[in-house]
2 protein chains.
Amino acid sequence: MKTAITLDALIVLDAIAQRGSFAAAAKALHRVPSSITYAISKLEQSLEVNLFDRKGHKAHLTPAGEALLQEGRNLLQLTDHVERNIKRIATGWEAEIRIAVGDVIPYDKVLQLCDDFYQVAPETHLSLTTEVLGGAWDALASGRADFAIGAPGDSPPGGGYASHPLKEPSVDFVFAISPQHPLASAKEPIANNLIRQHRAVAAADSSRLLQPRTVGLLSGQSVLTVPDLSVKRLAHIKGLGIGYLPLHLIEQDLAEGTLVTKITEDGANHSHGLYYAWQTKHLGNGMTWLINHLCHEEAMNWFS
Amino acid sequence: MKTAITLDALIVLDAIAQRGSFAAAAKALHRVPSSITYAISKLEQSLEVNLFDRKGHKAHLTPAGEALLQEGRNLLQLTDHVERNIKRIATGWEAEIRIAVGDVIPYDKVLQLCDDFYQVAPETHLSLTTEVLGGAWDALASGRADFAIGAPGDSPPGGGYASHPLKEPSVDFVFAISPQHPLASAKEPIANNLIRQHRAVAAADSSRLLQPRTVGLLSGQSVLTVPDLSVKRLAHIKGLGIGYLPLHLIEQDLAEGTLVTKITEDGANHSHGLYYAWQTKHLGNGMTWLINHLCHEEAMNWFS
DNA sequence: CCATTTTGTTCAAATTTTTCGAACATGAAG
DNA sequence: CTTCATGTTCGAAAAATTTGAACAAAATGG
């Protein structure tokens, strides 16, 4: 058995496609352009397939090249998983744990958790990503993350996950707007069809695989979509729009008067259930520690 | 990005496991034993994992080594598939052909066509979407589909398409209503301004880019819009509305009496021309096969 | 449209990686 | 205890990849 394909060559191919040119790929990989040419032409030669269109003088993939790029990326991702797995099996500890943090979770608490973790397992790298709403579940489902903190209650279809409520199992969302905003002087409780006339700010669900969703939006309302809650908070302060924000995130703003809360027809605040979640498959020592550490009577408080 | 794993190393690992010893693997791979030792120890080093148990003096895998063997074999098999696929694509076969199927086309016939296709090209994926009316053209124009079956006669402005009438170049639409519907007892032929007083059911044109259109509707008529013909049929049966349906789709309903046909002022039935259509650019082997297979004297019948 | 920059390729030399062959040590088998 | 096969080590040889400079074609930007 022999393989014309080489993982290294796939990395080169990916870099070219990602950066748009041989030269840029060379820089990104800390190599010289001719090395890239060499790698590609060797791949083409052993594959007996032209991957790039040599008519023009820029990197343009042939259909075959395009296909190899797609499938190659799969292969690379797979080998990465394999490597991770092997290391975990060999040592019992994961080489890396990727944690998806819901954006309602205060980051300093997360860093404190990381600190605790490093005390126990300094060799296991932690990698944090912020996810919005269902994005945490999506990250788990797509394999972008191993553990999720602050995933919304409802788990996606298909099993293989375990979950556990946070010690404070919900966050309070309050209707918060800039004092300059027209609605600031409206009579409380503010009616839904009054709210509907003003632009809402929505944190975009970062789901890429699962169906995105939006909560707290009234139909027919104009919407400004922002990437996460901290941007949403800024948008509220600037008076660009209205909506609900987690109380703990805006306490200082309320004290300083840059934001004010309003009672709405639906009630003063909403409450969202929050969970830890993880895949039940492949539990190494690090994951086990995390689960034990967090799903526990004396576990840490996230919002106080 | 970097990979500790090398496909070549996986081949070596596989050979050792298969032949039982480093020496035998060396012979099988036409290499010298020390080369095998080198490859393995390099793999172990870059992976920072011991794959072989060095206690005894024969090849004995550690648990991690065993795992890598299993997963490595998967990877090797996968790369082999990828290689094969790339070569196929390079020789003119598409990786995927997306077919837009007009909703008047019976799906079991389409599946039979897929079956025939897979006999010739099992590796080319087929992806089917249902489109309503001009939606088939729209799918072609917007690049959502490569081939259309059952597109209505008039092609959209702008060239680049070829088309060919189906073997049975038209479908008969009959005016069909529930026997419970008020119009069921009306005198034939039913006058247009009588029809106009009742709600029509219309299948929504699935175009997103091109101008949607509607057929068989009288101006001023109330309309229930449904996503496709099968829902339209159900709506007719439930008496929710009236309109034209393709005869072949409701033959059983007519036999069972859940629907009845009526002659209208415009005549008993309408007839719609149907075509195959495709983009003339980028014709791969699979598309060529499809075109030859379908645009042919002995081509398949869709409605019998 | 032309000047300028960028891009991909080629080539020989330098460097790294891999293979080879022989010598060696050690466990297994009789 | 001998014999055999196995895995390892090491210096030398071969093969591969990388480098840097030179070049031509193409893209870019007035």
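Labels below follow one simple rule: chain letters A, B, ... track the order of the sequence lines, proteins then strands, and each chain is numbered from 1. All values reported here derive from a predicted model rather than from experimental measurement.
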> Between A/Asp8 and A/Thr6, is any side-chain donor less than 3.5 angstrom from a side-chain acceptor?
Replying inline: no
> Rounded to whole angstrom units, what separation is found between the CG atom of A/Asp53 and the C1' atom of C/dG8?
Replying inline: 13 Å
> Hey, which of these two, B/Arg54 or A/Val32, hits DNA chain D nearer its 5' end, going by closest nucleotide?
Replying inline: B/Arg54
> Between A/Phe52 (CZ) and D/dA25 (P), how many Å, whole number?
Replying inline: 21 Å
> Do the side chain of B/Ser34 and the base of C/dG21 come within less than 3.5 angstrom through a donor-acceptor pair of N or O atoms?
Replying inline: yes
>> In this structure, how many angstroms lie between the P atom of C/dT26 and the NZ atom of B/Lys58, rounded?
In response: 19 Å
>> From C-beta outward on A/Ser35, which listed nucleotide comes closest to its side chain: D/dT17, D/dT18, C/dG8?
In response: D/dT18
> Counting side-chain heavy atoms from C-beta on, which of D/dT19, C/dG8, D/dG7 comes nearest to A/Arg31?
Replying inline: D/dT19
> Contact class for B/Ser21 (heavy atom, under 4.0 Å): base, sugar-phosphate, or nothing?
Replying inline: sugar-phosphate
> Can you check the B/Lys55 NZ to D/dG7 P distance for me, whole Å?
Replying inline: 18 Å
>> What's A/Tyr38 touching, base or sugar-phosphate or nothing? Going by heavy atoms closer than 4.0 Å.
In response: base
>> What's A/Ala39 touching, base or sugar-phosphate or nothing? Going by heavy atoms closer than 4.0 Å.
In response: nothing
> Are the charged groups of A/Asp138 and A/Arg144 less than 4.0 angstrom apart, N to O?
Replying inline: yes
> Salt bridge check: are B/Arg88 and B/Glu83 linked by an N-O gap of less than 4.0 Å?
Replying inline: no
>> Rounded to whole Å, please give me the gap between CD1 in A/Ile36 and C1' in C/dG8.
In response: 11 Å
> Any side-chain donor-acceptor pair under 3.5 Å between B/Glu94 and B/Asn285?
Replying inline: no
>> In this structure, how many angstroms lie between the P atom of D/dA14 and the NE2 atom of B/His30, rounded?
In response: 21 Å
>> Without decimals, in angstroms, what is the distance between B/Lys27 NZ and D/dG7 C1'?
In response: 14 Å
>> Taking the ring centre of each residue, are B/Trp289 and B/Phe117 less than 6.0 Å apart?
In response: yes
> Whole-Å distance between D/dT8 C1' and B/Phe22 CZ?
Replying inline: 10 Å
